Structures are given as C-alpha cells and as structure tokens.
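Quick caveat, the model's predicted, so the values are computed rather than measured. Residues take their numbers from the sequence shown, with the count starting at 1.
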Amino acid sequence: MGLLYPPSPFAPPTITQRLLTTPLRFLFHLAYIILLYLRGPSYSPPPNVDPIKVVCISDTHCKNPLDFLPPGDLLIHAGDLTNLGTVAEIQRQIDWLKSIHGAIVKGGFSEIIVICGNHDSYFDVRSRSGHDRQQKQKLDWGPIKYLEHSATAVTIHDRTLNVYGAPQIPKCGGKEFAFQYPRGQDAWSGTIPDDVDVLVTHTPPKTHLDIPLGPNAGMGCEWLLKECWRAKPTLHVFGHVHSGYGMQAVWWDEAQFRYERIMSRPPRSFGALGEVFDFRLWIEGAKLLYHGAKGVLWSKFWGGAARGGLMINASLTWQTTDRLDNDPQVVYL
C-alpha cells in the first residue's frame, strides 16, 4: 500500500501513516481516549452483590486458547471459531468448549455463549460447501448456548443477564463467508431487544475498535452503531476486525456522538492538507473537547453516576497473523 497505508488492508496504520493522511482525526482520537481515561469507569457492578466475571474471546480460528484462558463465570465467543467452517471443524471447536463448561468439568464456566462468524460457513445455508450440504450430521452443542438472531437469559450468582447474539456482517469476502449483507444496507434496525444487557455480534459497530485508515477503513457497521444507541447494552462483545482488539468505554452522550461523527467523516481531497483546512472538522473537534471535558467534570466533581457501558473487540488472533497473541478480555458485571 506504500508509505501512506498499511501493507495489508486489514492491518492497523502506524502513527506516521495516520499523521500523514488524517492528522486531525488522529489527534481528536487521542484526545477522546484521554478524556475517557480521565472520566473513569463507565460501568460499575451493582453494590452488595457478587459480580459476574465475564471472559470474552473471538476469532480463534480452529485454535484452543486453553493455556491462557482465565477462569470465570461466563465465557462469550463472538465468532470465527474456525477457518473453513466445515461441520467437522465446527464440531471440534464445540467439543473443546464443552470440555471447559461447568456442567461437564469441575471449575469450568457456569455458562458459555457462542455466535458464529463469517468463517463459520456451515451456519449459513448460502455459504455451505457442497460437501456439507449433503451432510446429515447435526452439531452436538451439549450445554453450550448458540445464538443466531436470538436471545437467552443466563442466571449466575442469583442475577440474570439478558444476552442477544447475531452474526451478520457487512460484505467483505466471497460467497464462502457466512451471513454477509451489502455494505450500507440496514440489517440491524429494530433487531436488538430493548431489555438487552449483553450484546454479542461478530462485526464491530462503525468507528469503535475498528480499522481507522486505509481501503478497509470502517469495516464495522454504521447501522449496528445506530441500533446500539437505541438499545444501549451494558456490554457489547464482538470481533472480526483483528486489528481493532481492545476495550473501550461508552457513555452514550454528546461527546461520544461527536467522536463518531469525526471518525466516520470521509477522507478529504489533498490528504492531510485538505483535512487541516476542513473547518467543519475543527468545529466537530471543538464540540468533542467541550462535551468531553464536561463529562469529566460531571463524573469527577459533580457526582455523576456511571451509567454507560463497555465495548470489547475480543479477537484473539493478532492482526494479520495466524497467532493467538491477544489476551482474553475480562470484565465484571
């Protein structure tokens, strides 16, 4: 891709590349991350109860991260269990997940929830291989809960969490990829239950823990982001974009709205120079800084309660490699 863009469209840009192409957006992104840090936790577990320890993973691609998987109450896998998505590959991954479920092994997870990803082709009849279409074998899930445009309730420590899972992603590959829809199409509005506590998708919402630069900038979905604003889940777990791995606080406030507008703006003509003279971007940035600073004051000095949530890109695969070099993400609800 040359000096201005990463060598792979799925790789994260370097700091130099971001400064050479989108300097203002990069600086406003850094400012927003600092404001989130200063503001403190966006969510705290209810007082006087045992918190639920949630371990989040995604994009394991036929590998089993048992050696570095921490213990917990609830394990969430946000898709891409496999590479080719055959029945045999998927069943091997299910068998591994069953082997760490508390109903089978002492000390295992009380609940395990799984959705599929685009590499898990068998789950979508449109992407199944010809061989798998002839298979009469049914997947044996045992105590594992598989969600596909569906919801479940899990009760742990006498508390109940409502979980909704959906696998669809904006199109990014060939017909062998599962649950794709044309980029820009609304595949999300009105799909997430109003009472959702935990949302599990394979795609990220656009601008959050996503690819910020290059031909595949914004692989996440803008319609999913709008639906998240409506439903406001406490925890949103996803994967798909390996280079977006991480955890980010969300407050569903004006500062977050301005940040999303800044990060979703299309590239300007003349590259960095055009962006520096983009006065609308400067105005959006000023509003971001103003509302972000007000949020810090509200949280730290004016007694504002933590009423937001968390987004987690749980991809264990490191960027464009085939290595599971990212650690599982842990959060307490």
Side-chain angles (χ1 to χ4, degrees), residues 9-10 25 29 32 56 58-59 76 78-80 115-120 123-124 126-127 147-151 162-175 177-244 246 248-267 284 288 308-315:
F10 302 106
R25 273 183 285 177
H29 167 75
Y32 183 65
C56 307
S58 184
D59 295 79
I76 294 175
D80 275 2
I115 69 167
C116 74
N118 54 292
H119 279 271
D120 304 320
F123 291 102
D124 186 346
R126 300 169 300 175
S127 60
L147 300 182
E148 184 181 305
H149 312 293
S150 57
N162 295 316
V163 185
Y164 178 80
Q168 64 266 33
I169 64 165
K171 184 175 175 61
C172 67
K175 62 181 181 179
F177 278 2
F179 294 106
Q180 296 186 104
Y181 55 89
R183 186 167 294 278
Q185 176 180 307
D186 181 4
W188 290 98
S189 292
T191 61
I192 300 174
D194 293 338
D195 63 350
V196 68
D197 297 306
V198 179
L199 173 63
V200 188
T201 65
H202 189 56
T203 182
K206 194 168 185 177
T207 72
H208 290 278
L209 305 172
D210 200 355
I211 292 180
L213 174 68
N216 280 342
M219 285 187 68
C221 181
E222 64 272 24
W223 292 102
L224 172 58
L225 178 60
K226 290 180 181 179
E227 181 69 352
C228 287
W229 269 90
R230 184 191 65 80
K232 296 180 175 61
T234 299
L235 174 63
H236 182 186
V237 185
F238 47 88
H240 186 45
V241 180
H242 303 171
S243 298
Q248 190 176 75
V250 288
W251 290 91
W252 312 115
D253 62 0
E254 190 69 19
Q256 179 182 326
F257 175 72
R258 296 298 168 183
Y259 169 75
E260 291 163 355
R261 281 175 63 94
I262 289 170
M263 298 307 294
S264 61
R265 285 180 69 83
E284 290 289 349
L288 164 63
L310 290 167
M311 288 185 178
I312 292 178
N313 184 325
S315 300

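Checked by atom type, the side-chain pair D186/S189 shows a donor-acceptor distance below 3.5 Å. Y181 and W188 share a donor-acceptor pair across their side chains, judged by distance under 3.5 Å alone.
For N313 (side chain) and S315 (main-chain N/O), a donor-acceptor pair under 3.5 Å exists by modelled atom type. D197 places a side-chain N or O within 3.5 Å of a backbone atom of N162 that can act as its donor or acceptor partner. A donor-acceptor distance shorter than 3.5 angstrom exists from the side chain of Q256 to the backbone of W251, with no hydrogens or angles considered. Within the 3.5 Å criterion, the main-chain N or O of G239 finds no donor-acceptor partner in the side chain of D80. No side-chain donor-acceptor contact under 3.5 Å links Q180 to the backbone of K175. A donor-acceptor contact shorter than 3.5 Å links the side chain of E227 to the backbone of G190. Side-chain N or O atoms of Q248 include none that pairs as donor or acceptor with a backbone N or O of H208 at under 3.5 Å. At distances below 3.5 Å, not a single donor-acceptor pair connects side-chain atoms of S150 with backbone N or O atoms of L147. A distance-only check finds a donor-acceptor pair linking the side chain of R183 to the backbone of M219 [under 3.5 Å].
Residues H236 and L310 fail the side-chain proximity criterion, which asks for heavy atoms closer than 4.5 Å. By the 4.5 Å heavy-atom criterion applied to side chains, T191 and Y164 are counted as neighbours. Residues T203 and P170 have side chains in contact (heavy-atom distance under 4.5 Å, counting atoms from C-beta outward).
Smallest separation of non-hydrogen atoms from G173 and K171: O-NZ, 2.8 Å. The minimum heavy-atom distance between L209 and G244, with the atom names listed, is CB-O, 3.2 Å. Across every non-hydrogen atom of P204 and D210, the tightest pair is CG-OD1, 4.3 Å. Across every non-hydrogen atom of L288 and A255, the tightest pair is CD1-O, 3.4 Å. For the residue pair W223 and Q185, the shortest heavy atom distance occurs at CD1-O, 3.3 Å. Shortest non-hydrogen contact noted between P233 and C228 is CD-O, 3.8 Å.
Here F238 contributes atom CZ and T201 contributes atom OG1; the two are 6.5 Å apart, rounded to the nearest 0.5 Å. Within the model, atoms CD1 of I76 and CG of L235 stand 5.5 Å from one another, a figure rounded to the nearest 0.5 Å. In this structure, CD1 in I192 is found 6.0 Å from CG in L224, a value given to the nearest 0.5 Å. Taken from OH in Y259 to OG1 in T207, the straight-line distance is 6.0 Å, to the nearest 0.5 Å.
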Chi angles and distances behind the side-chain contact (heavy atoms from CB on, under 4.5 Å) call for V198, T234: CA-CA 6 Å; V198 179; T234 299; over 6 Å; no

Just do the side-chain contact (heavy atoms from CB on, under 4.5 Å) check on R126 and F177 with the steps written out, would you? CA-CA 9 Å; R126 300 169 300 175; F177 278 2; over 6 Å; no

So R258 and E254, side-chain contact (heavy atoms from CB on, under 4.5 Å) or not? Walk me through it. CA-CA 6 Å; R258 296 298 168 183; E254 190 69 19; 2.9 Å; yes

Assess whether side-chain contact (heavy atoms from CB on, under 4.5 Å) is satisfied between E148 and I115, documenting all intermediate values. CA-CA 6 Å; E148 184 181 305; I115 69 167; over 6 Å; no

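The aromatic rings of H202 and H240 are tilted relative to each other, their planes meeting at an angle between 30° and 60°. By the 30° and 60° cut-offs, the orientation of the rings of W229 relative to W252 is perpendicular.
Using a 4.0 Å cut-off between charged nitrogen and carboxylate oxygen, E222 and K226 do not count as a salt-bridge pair.
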